[in-house]
Amino acid sequence: MKLALVIPCYNEAAGLPELMRRCFDVTSSCDADVILVDNGSTDDTPKLLPSLLKGHARMRSVRVEVNQGYGRGILAGLHAADADILAWTHADLQTDPMDVVEGLRLFQQAPDPETLFVKGRRFGRPLADVVFTIGMSAFETMLLQRGLWDINAQPTMMPRSFFQTWHEPPEDFSLDLYAYYTAKLNGLSIERFPVRFGERAHGMSHWNVDWRAKAKFIRRTVDYSLELRSSLGRQPAMRAQT
């Protein structure tokens, strides 16, 4: 069972060497490819990636010329992937890329991996962030009438056949919600496993800066959630595109 791990990188040049070391551990531990998406970076990421990737047959990069959002970078990587199980995680190393190895075991042990959807469940986070997550999870659960918890936890892992059913997924941070909710809507079995959430290795978050940024995130999420409930909640279960 082959895995493809997609990691969107936006101005992550300072952390790329360490990220590459962690990704090499992934490819050495299981049948996995890693796709690093240069998501419209304006720092030295485009220069560094080619040299860092030399000699790593199981790792490659995809370039998005202009940053159009977190989700757009992930989607570019997913479309470029060729594997049974597709996954994504963040480049900031707050969660370890090696977490996907544990997630892959859940697929390998599943009676029917084609019906499984796997996400991490974060621990070790600051109390304020936990409170924020509880509030957003409760809101989404009530609005969408599906149990949704720690929506933005990573990694996110799914069978390729499920990805092929997607229709007009969002290109921003709402992609995590779309994937999780759509899996619930289609009756996939949801498996969660604990992942340690630490400090960013380098740089700073592109959205989780202060409560003003959180308020902006909440507004966008609420708007998209209402759209999602309207567009997907009334549809029958999706079928794979041919």
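- With hydrogens and angles left out, the side-chain atoms of D176 and Y70 include a donor and acceptor closer than 3.5 Å.
- Taking all atoms of both residues into account, the shortest heavy-atom contact from V64 to G73 is CG2-CA, 4.5 Å.
- Closest of all the heavy-atom pairs between L116 and S189 is CD1-O, 3.4 Å.
- For the residue pair A153 and R192, the shortest heavy atom distance occurs at CB-NH2, 3.8 Å.
- Side-chain atoms of N39 never come within 3.5 Å of backbone atoms of N67 as a donor-acceptor pair (strictly under, hydrogens ignored).
- Atom CG of D82 sits in a sparse spot, with 12 or fewer heavy atoms from other residues, nucleotides or ligands closer than 6.0 Å.
- Side-chain atoms of S41 and R63 include no donor-acceptor pair closer than 3.5 Å.
- Listed for the S51 side chain is a donor-acceptor partner under 3.5 Å among the backbone atoms of L48.
- Of the candidates R122, M136, K119, R122 is the only one forming a side chain to side chain contact (heavy atoms under 4.5 Å, CB included) with N152.
- In this structure, the side chains of Y180 and L185 stay at 4.5 Å or more apart for every pair of heavy atoms.
- Residues M98 and F197 are members of separate hydrophobic clusters, defined by side-chain heavy-atom contacts under 4.5 angstrom among Ile, Leu, Val, Met, Phe, Trp and Tyr.
- Formation of a donor-acceptor pair under 3.5 Å by the T165 side chain with backbone atoms of F162 is found in this model.
- At least one side-chain heavy atom of F193 sits under 4.5 Å from a side-chain heavy atom of P155.
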From CA spacing to verdict: side-chain contact (heavy atoms from CB on, under 4.5 Å), L144, L228: CA-CA 8 Å; L144 298 174; L228 188 62; 4.2 Å; yes
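- The residue from E102, Q109, Q108 that alone fulfils the side-chain hydrogen bond (donor to acceptor under 3.5 Å, both in side chains) condition with R105 is E102.
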side-chain contact (heavy atoms from CB on, under 4.5 Å) between M59 and F24, worked out: CA-CA 8 Å; M59 289 187 269; F24 178 75; 3.9 Å; yes
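- Looking at N186, its side chain never comes within 3.5 Å of a backbone N or O of L188 through a donor-acceptor pair.
- Here the CD-SG distance, from E18 to C23, works out to 10.0 Å after rounding to the nearest 0.5 Å.
- At a threshold of 4.5 Å between non-hydrogen side-chain atoms, the residues R125 and F123 do not count as touching.
- Residues C9 and L19 approach most closely at SG-CD2, 4.0 Å, considering heavy atoms.
- Proximity of D38 to Y10: side-chain heavy atoms (C-beta onward) are nowhere separated by under 4.5 Å.
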Stepwise salt bridge (charged side-chain N to carboxylate O under 4.0 Å, His left out) test for R22 and D96: CA-CA 7 Å; R22 303 282 186 91; D96 194 330; 3.6 Å; yes
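- Contact of the D33 side chain with the K2 side chain is registered, since non-hydrogen atoms from C-beta on lie closer than 4.5 Å.
- Between atom CG of residue L104 and atom CG of residue D99 there is a gap of 12.5 Å, rounded to the nearest 0.5 Å.
- In this structure a side-chain-to-backbone donor-acceptor pair under 3.5 Å is missing from D84 to R160.
- Minimum heavy-atom separation, G77 to I35: O-CD1, 3.6 Å.
- Side-chain contact between W149 and E140 is absent, with no heavy atoms from C-beta onward closer than 4.5 Å.
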Worked check of side-chain contact (heavy atoms from CB on, under 4.5 Å) between F107 and E114: CA-CA 8 Å; F107 283 96; E114 292 295 309; over 6 Å; no
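- Cluster annotation: V131 and F139 are assigned to distinct hydrophobic clusters (Ile/Leu/Val/Met/Phe/Trp/Tyr, side-chain heavy-atom contacts under 4.5 Å, transitive).
- Summarising the geometry, atom OH belonging to Y181 is positioned 11.5 Å from atom CD1 belonging to I151; distances are rounded to the nearest 0.5 Å.
- Atom CG of L16 and atom CG of D44 lie 9.5 Å apart (nearest 0.5 Å).
- Using a distance-only test at 3.5 Å, with no hydrogens or angles considered, a donor-acceptor pair links the side chain of T182 to the main chain of Y178.
- You'll find the side chain of T27 stays beyond 4.5 Å of the side chain of L5, heavy atoms only.
- A donor atom on one side chain and an acceptor atom on the other are not found under 3.5 Å apart for T95 and Q154.
- Across D43 and A13, no two heavy atoms sit closer than the pair OD2-N, 3.1 Å.
- Between V37 and I74, the closest side-chain pair of non-hydrogen atoms is not below 4.5 Å.
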Criterion side-chain contact (heavy atoms from CB on, under 4.5 Å) on L148 and S137, from CA distance to verdict: CA-CA 6 Å; L148 301 168; S137 298; 5.9 Å; no
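- Rounded to the nearest 0.5 Å, atoms OG (S161) and CD1 (I85) are 8.0 Å apart.
- For the atom pair L36 CG and H56 NE2, the distance stands at 10.0 Å (nearest 0.5 Å).
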